[in-house]
Novice: 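Sharing a structure here in structure tokens format.
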Amino acid sequence: MDIIVCVKQSYDVQQLKFDPKTGEPMLAGAPRKMSDMDRRALEEALRIKEKVGGTVKTVSVGPPETRDVVKEIYAMGADEAFVVTDMKLDKADSDLTAKIIVEAIKKIGNFDLILAGAASTDGYSWQIPAKVAALLDLPFFPNAISLSVNGELVAECDLGEAIYKYKAPLPSVVSVSLEINEPRIPTLSAILKASRKQFTDFYIKDLGIDIVTELEVRKVTMPKVERKNMVVEATDPSKMEDEIKKILDELRKENIL
Amino acid sequence: MEVMVYSENEKLFKELVTAAVQLNASKITSAVIGSKEDAEKAAKYTDKAFFVDSSQLGEYKPKEYAEALHSIVKASDPQVLLIGGTHKGNALAAILSVKLGEPSVTEVSELKVTEEGLIVLRSAFGGVAVAEVRVGRKLFTKVASPKIACVKPGFFTPAEESKNGEVEKINVDVKSSIEVLEVKKKEAGVGLEDADVVVVAGRGVRKKEDLSLIEELAKILGGVVGVTRPLSADLHWAPTWVGMSGIPIKPKLYVGIGVSGQIQHVAGIRNSKIIMVVNNDPKAPIFEHADYGVIGDLYQVVPKLIEMLKS
Ligand SMILES: Cc1cc2nc3c(=O)[nH]c(=O)nc-3n(C[C@H](O)[C@H](O)[C@H](O)COP(=O)(O)OP(=O)(O)OC[C@H]3O[C@@H](n4cnc5c(N)ncnc54)[C@H](O)[C@@H]3O)c2cc1C
Ligand SMILES: Nc1ncnc2c1ncn2[C@@H]1O[C@H](COP(=O)(O)O)[C@@H](O)[C@H]1O
């Protein structure tokens, strides 16, 4: 079973800072991390490999900072990592990213299954895995919460109002939900070994793709809601009632109670 | 300008019709994958309803349904295609986007059409921010190649019946190698979307039985109980969760109990009028988003709160 996993190095959105003057995100040097659902996709691939054998390869597309994710990919246990990087790819939209992933996959070679996250932590477009599937004319199953392969694929997908259980031939493309598994934490020795492993860097021009985007982000702003931030400490049992009362009094003043 | 709308969700379908009206569409059409009756219903809201008989397709399958929708789009000439931004809709939009060679944008909350094309607001950086995005460089020149936008639920008022459009059946010949083994419907939620008061339990609540404490508080406040994603999706204590990827809420009062305040949760509660929280970790990010915060153990604070509210 040869599996290719799409792994994005996302911005760590929880830590993103905004310029207080312009309200724009400060992206230069902002911390990044492996996209949360992609970590589950990689974990799921590794578990399948542990059961039925085969290989797990990854493809990551993005700006040069994307290379940092490779160490973690290897530390978790992937066989081979491929990256496609270019400065301009920080602004890539889902069409461009999907095209690049597909061209990279064609170079990587044969596969039985493509796994991805259902939505990336920063882009959150829910588009790329389905576009990869469409470009390759393969079946697609979104937001899987369980997966098994045995010559064919059985996936349970959380589609909102119901869970759909699909049976499909391979190869197929599956995107996974946050809850599909609990990803492993790499051991220290695995991390040390990982930093010495080589990976393949594809260049955009070798893939024969022009960097053009159809979506143009014109402005990004932080929706700022002013909050009162009144905080009381209710850890001391003897003072708890007085402290809580302060807040209930405020709520009464606001006609909430 | 023709705007076509599609959603498998009836309420969201009506919201899309309102969005299309606000775009000043001269013609609003609807795509339906369902029965003739479904199409007749849709035609009460749109100038024309095109439908593919879903009995030909069976239960929802992304690739096959996208092919059906593609046939419908080709039969009409929309410049904009609005799709309900559900899991099903997002997947259809992506596949259709590839088939049509036109861009798609998801998580949309507002949209307008100018000389420059379709401009939308969508969430950015995983719900932290809002981005203004122009969809497509090519303006509306090509025929039958709409720009695709997936609109989030809850941002437009559902439209009322106002039309008596015609209905046209589109025949498709879709072959499939995929089997739907089972469709497990989820139980209905408690109406979090429209509640005035929502008390949300987070992972600080240790056992399912302890939810009764949260329920008691919600009852006194005249509200309903919601949970964070791990309590629903991992532990299955409730059918749905509050937040960006679950149900976004806008109550008069939000009370978060043992909720840490990760951005994906906060993105879905930002429109609450008042936010009150109880958490034993003074460094929990939720305090930054709160009007009123109580630092303390929920197992002491909540019973006290209930007692004080009762008297
Ligand atoms: C793409 C994506 C989408 C997501 N969408 C959503 C979403 O829509 N909604 C959502 O909720 N999450 C979502 N999440 C998950 C989110 O990132 C967090 O993991 C989740 O919100 C955390 O839930 P929590 O606050 O209940 O748990 P935790 O983060 O574990 O927080 C528990 C809190 O309880 C406090 N606590 C512990 N014991 C006590 C006590 N005795 N008394 C008082 N306080 C106590 C702790 O200090 C802590 O702050 C999403 C994640 C991703 C990656
Ligand atoms: N730049 C990228 N490189 C590799 N995989 C990606 C990239 N962007 C998105 N993906 C994959 O597509 C999934 C969904 O992303 P998105 O469509 O941005 O929400 C992610 O979870 C990844 O698995």
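Chain letters run A, B, ... following the sequence lines, proteins first, then strands; residues in each count from 1.
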Novice: Just by distance, with hydrogens left out, do B:Ser104 and B:Lys147 show a side-chain donor and acceptor under 3.5 Å apart?
Specialist: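 The answer is no; no qualifying pair exists.
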Novice: May I ask you to list the residues in residues 175-183 of chain B that approach chain A closer than 4.5 angstrom, counting heavy atoms only, ordered by number?
Specialist: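 So the qualifying residues are B:Ser177, B:Ile178, B:Glu179, B:Val180, B:Leu181, B:Glu182, B:Val183.
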Novice: Do any of residues 14-25 of chain A have a heavy atom less than 4.5 Å from a heavy atom of chain B, and if so, which, in residue order?
Specialist: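 From residues 14-25 of chain A, the residues near chain B are A:Gln14, A:Leu16, A:Phe18, A:Pro25.
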Novice: Mind telling me whether A:Tyr124 and A:Trp126 have parallel, tilted or perpendicular rings, with 30° and 60° as the class edges?
Specialist: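 Perpendicular.
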Novice: Should the ring pair B:Phe125 and A:Tyr11 be called parallel, tilted or perpendicular, given that the plane angle runs from 0 to 90° and is split at 30 and 60?
Specialist: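 Perpendicular: the ring planes of B:Phe125 and A:Tyr11 meet at over 60°.
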Novice: Taking atom types as modelled, is there a side-chain donor on B:Asp291 or B:Tyr254 under 3.5 Å from an acceptor on the other?
Specialist: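 No - no donor-acceptor pair under 3.5 Å links their side chains.
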Novice: So which of A:Glu161, A:Glu226, A:Glu233 has the largest heavy-atom pair count under 4.5 angstrom toward chain B?
Specialist: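 Highest number of pairs under 4.5 Å: A:Glu161.
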Novice: Quick one: which of A:Asp122, A:Ile145, A:Thr235 has the most heavy-atom pairs under 4.5 Å with chain B, could you say?
Specialist: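 Option with the greatest count: A:Asp122.
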Novice: Sort by residue number and list every residue of residues 91-102 of chain A having at least one heavy atom under 4.5 Å from chain B.
Specialist: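 The list, in residue order, reads A:Ser94, A:Asp95.
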Novice: Give the member of A:Leu135, A:Leu138, A:Asp158 that has the highest number of heavy-atom pairs under 4.5 Å with chain B.
Specialist: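 Top option by heavy-atom pairs under 4.5 Å: A:Asp158.
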Novice: Salt bridge check: are B:Arg229 and A:Glu179 linked by an N-O gap of less than 4.0 Å?
Specialist: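 Yes.
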Novice: Report, by ascending residue number, the residues of residues 248-257 of chain A in heavy-atom contact with chain B at a distance under 4.5 Å; give 'none' if the set is empty.
Specialist: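 When heavy atoms of chain B are the reference, residues 248-257 of chain A contributes A:Leu248, A:Glu250, A:Leu251, A:Glu254, A:Ile256, A:Leu257 within the under-4.5 Å range.
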Novice: Sort out for me which of A:Glu152, A:Lys167, A:Glu182 touches chain B most, counting heavy-atom pairs under 4.5 Å.
Specialist: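 When all of A:Glu152, A:Lys167, A:Glu182 are compared, A:Lys167 has the most.
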Novice: Taking every non-hydrogen pair under 4.5 Å, which of A:Ile247, A:Leu153, A:Thr121 racks up the most with chain B?
Specialist: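 Max contact count across the listed options: A:Ile247.
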